[in-house]
S.K.: 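Pasting a structure here, questions to come.
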Amino acid sequence: MSWTTISRALGGAGYALFFAAAFTPLPNLLAGWLVSPARLEQADAIVVLSAGIEPDGMLSDASLRRTVHGITLARQGLAPLLVLSGSGRDGGPTEAAVRAALAHDLGLPRERILTETGAHTTREEAARLSMALRPRGIRRILLVTGALHTARARLVFERAGFTVFPAPVEDWSHWVAYPEGRLELMRGILAEVFGTVYYRAAGYL
Amino acid sequence: MEPLFLLVLAGLTSLGAYLVGTHWLGLSRRDLRIAVGKMLECAGMTLLFFIINLGGGVIAILAVRTLTGTFLTLYLLNDVALLGLSLLQALALEWWRGFSAPRHGRRSVHVCSPREGTRRR
């Protein structure tokens with residue numbers, strides 16, 4: 001098989017994937033399979049995973065959604081403790097600190113808020129929170145993270161010794177139908193698939 | 001209908017370009033097939049560069065983490081700019097192959113000239 005044939009086949013596959021991702025419901029279907037259903041039960045703590053912050057202290061959209069969802073669950077009384085995770089960037093405020101300030105501003109007392117600022121990956125979050133929470137007798141957690149991220153995060157936290165109730169954030173619309181939105185969704189799906197493959201290969205799952 | 005608007009738009013402008021090309025610029029329909037083949041080759045090269053850039057990026061990030069203790073997120077690679085850069089690399093390589101081929105006697109190269117139509121060199 002000549003190089004020309006191989007490169008044309010690759011190109012054809014690339015274009016096919018682009019058109020399928022942008023102009024068909026394929027990303028919506030894939031996301032529907034990947035998303036874990038929510039299981040909102042009484043827990044020892046609500047754990048909100050990090051999603052990014054800018055050096056000037058602005059939470060990313062994903063981080064803000066997760067934070068608000070966690071605060072909502074806490075105000076519904078599903079757990080006595082709200083754990084907010086997230087480090088900082090380039091000397092700016094930590095994501096956890098900004099989230100904690102938001103939680104307090106939205107009516108949550110400081111004694112119900114715990115922050116974790118030292119983790120950079122999902123695995124590190126699980127390890128550090130396991131060290132911080134399990135000595136307090138915290139085993140059952142409501143895990144708040146992105147809808148596509150929930151499956152992998154759940155496995156990592158279960159491996160760290162927690163009983164996990166998924167509380168995914170609806171950070172994408174089942175009905176996204178415009179090409180840019182579907183391409184963004186497909187990008188998120190591929191990133192999560194890649195992350196899962198990496199975690200399995202590294203023995204983290 | 002709305003999700004397909006862009007597809008219909010591009011289809012119509014492509015049809016317009018085809019009509020302009022065949023009726024006004026004197027371009028050959030046979031050369032269009034060759035051009036589409038080259039387009040696929042370029043797309044394939046882009047995908048290949050993208051995969052190489054991704055793989056290289058993963059290795060580099062893990063190496064930095066392991067050797068220096070500095071944390072770099074793998075999400076640095078989750079950026080659409082990487083696809084754009086891969087496209088530029090592919091275009092450069094494809095043009096380089098195209099211009100180098102005649103001197104090595106491997107194959108001729110079709111050069112599109114608006115005034116002369118398609119000529120072989």
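Heavy-atom basis, side chains included; hydrogens, waters and symmetry copies ignored. We name chains A, B, ... by the order of the sequence lines, and we start the count at 1 in each one.
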S.K.: Step by step, would you call L77(B) with F194(A) a side chain to side chain contact (heavy atoms under 4.5 Å, CB included)?
M.R.: CA-CA 11 Å; L77(B) 300 170; F194(A) 173 79; 5.8 Å; no

S.K.: Has M39(B) got more than 12 heavy atoms of other residues, nucleotides or ligands less than 6.0 Å from its CE?
M.R.: yes

S.K.: Does any backbone or side-chain atom of F5(B) lie under 4.5 Å from a heavy atom of chain A? Answer side chain, backbone, both or neither.
M.R.: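 Neither part, no heavy atoms under 4.5 Å.
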
S.K.: At a 4.5 Å cut-off on heavy atoms, which part of A191(A) comes close to chain B: side chain, backbone, both, or neither?
M.R.: side chain

S.K.: Need one label for V80(B): side chain, backbone, both or neither, based on atoms under 4.5 Å from any heavy atom in chain A.
M.R.: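 Interface part for V80(B): both.
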
S.K.: Under 3.5 Å, side chain of R8(A) to main-chain N/O of G44(B), donor-acceptor pair present?
M.R.: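 Judged by distance alone, no pair lies under 3.5 Å.
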
S.K.: How long is the gap from CG on L6(B) to OH on Y178(A), to the nearest 0.5 Å?
M.R.: 12.5 Å

S.K.: Has E180(A) got more than 12 heavy atoms of other residues, nucleotides or ligands less than 6.0 Å from its CD?
M.R.: no

S.K.: Work out which heavy atom in F23(A) is nearest to a heavy atom in L7(B); give both atom names and the distance.
M.R.: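 The pair with the smallest heavy-atom distance is CE1-CD1, 3.7 Å.
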
S.K.: Stepwise, does the side chain to side chain contact (heavy atoms under 4.5 Å, CB included) test hold for Y15(A) with L47(B)?
M.R.: CA-CA 10 Å; Y15(A) 275 123; L47(B) 197 56; over 6 Å; no

S.K.: I need the R187(A) CZ to N78(B) CG distance, nearest 0.5 Å.
M.R.: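 If I round to the nearest 0.5 Å, the distance is 4.5 Å.
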
S.K.: Which value, rounded to the nearest 0.5 Å, describes the distance between W3(A) atom CH2 and E41(B) atom CD?
M.R.: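 So the gap between those two atoms works out to 9.5 Å.
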
S.K.: Among L10(A), I6(A), T121(A), which has the most heavy-atom pairs under 4.5 Å with chain B?
M.R.: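 Top option by heavy-atom pairs under 4.5 Å: L10(A).
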
S.K.: Between I51(B) and chain A, with a heavy-atom cut-off of 4.5 Å, which part of the residue counts as in contact: side chain, backbone, both or neither?
M.R.: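 It is neither, since no heavy atom gets under 4.5 Å.
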
S.K.: I'd like to know whether CG of D61(A) has more than 12 heavy-atom contacts from other residues, nucleotides or ligands below 6.0 angstrom.
M.R.: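 Counting other residues, nucleotides and ligands, CG of D61(A) stays at 12 neighbours or fewer.
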
S.K.: At a heavy-atom separation under 4.5 Å, does L74(B) approach chain A through its side chain, its backbone, both, or neither?
M.R.: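 When you check distances to chain A, only side chain atoms of L74(B) fall under 4.5 Å.
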
S.K.: Select one option (side chain, backbone, both, neither) describing which atoms of F19(A) are under 4.5 Å from chain B's heavy atoms.
M.R.: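 F19(A) touches chain B through side-chain heavy atoms alone.
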
